[in-house]
Amino acid sequence: MRDKYNVVVLLSDNIEKYTELFDLRDAHRCESCVTAWDTFSYEIPGECKKITVNVKTVYDLPDELKSIGMYFAERREAY
């Protein structure tokens, strides 16, 4: 995750290991994706909201996906 807009970047020596995870969520591999950051400007700054689904948020993902190898590496302050 990165900042407020949860852009996910997956880096792995074995990227195919995660194919099933992405397929289950109908997420597709993208070499050059347009993200929220590409649409913001000084005139259009954007906004964000916390989304909760079945009492879970994005912060629950590392524990939820621990069984397939996901782990929380570190948290950094936003620039």
Side-chain angles (χ1 to χ4, degrees):
M1 297 184 314
R2 177 173 160 85
D3 301 324
K4 296 178 184 178
Y5 295 96
N6 299 325
V7 174
V8 175
V9 177
L10 180 63
L11 303 172
S12 173
D13 291 333
N14 183 8
I15 202 83
E16 300 308 318
K17 175 180 173 182
Y18 299 94
T19 300
E20 184 179 345
L21 170 68
F22 287 100
D23 287 347
L24 287 171
R25 284 146 183 85
D26 199 28
H28 305 283
R29 187 174 181 170
C30 179
E31 299 297 331
S32 179
C33 298
V34 175
T35 69
W37 295 109
D38 298 313
T39 65
F40 298 154
S41 67
Y42 181 77
E43 296 81 21
I44 306 170
E47 67 178 81
C48 66
K49 301 179 204 177
K50 179 180 176 183
I51 303 294
T52 302
V53 177
N54 296 329
V55 194
K56 297 196 184 276
T57 70
V58 69
Y59 300 105
D60 296 305
L61 286 176
D63 285 336
E64 291 289 313
L65 302 175
K66 191 179 292 186
S67 65
I68 63 166
M70 180 176 271
Y71 62 93
F72 182 80
E74 66 181 290
R75 177 170 287 140
R76 297 181 186 182
E77 293 296 319
Y79 341 109

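Heavy atoms only: backbone and side chains are in, while hydrogens, waters and symmetry mates are out. Along the sequence shown, residues are numbered consecutively beginning with 1.
Taking the side-chain contact (heavy atoms from CB on, under 4.5 Å) definition, one finds that D23 meets it with T19, sequence neighbours left out.
Residues in residues 52-66 take part in these salt bridge (charged side-chain N to carboxylate O under 4.0 Å, His left out) pairs, two or more places apart or across chains: K56-E64, D63-K66. Note on residues 9-20: pairs passing salt bridge (charged side-chain N to carboxylate O under 4.0 Å, His left out), not counting sequence neighbours, are E16-R29.
Between Y18 and S12 the shortest heavy-atom distance is CE1-OG, 3.7 Å. Contact detail for M70 and L61: the closest heavy-atom pair is SD-O, 3.9 Å.
Atom-to-atom distance recorded for T52:OG1 and Y59:OH is 11.0 Å, nearest 0.5 angstrom. Distance check: L21 CG to I68 CD1 gives 4.0 Å after rounding to the nearest 0.5 Å.
Under a cut-off of 6.0 angstrom, the local environment of CD1 in I44 is sparse, with at most 12 non-hydrogen atoms contributed by other residues, nucleotides or ligands.
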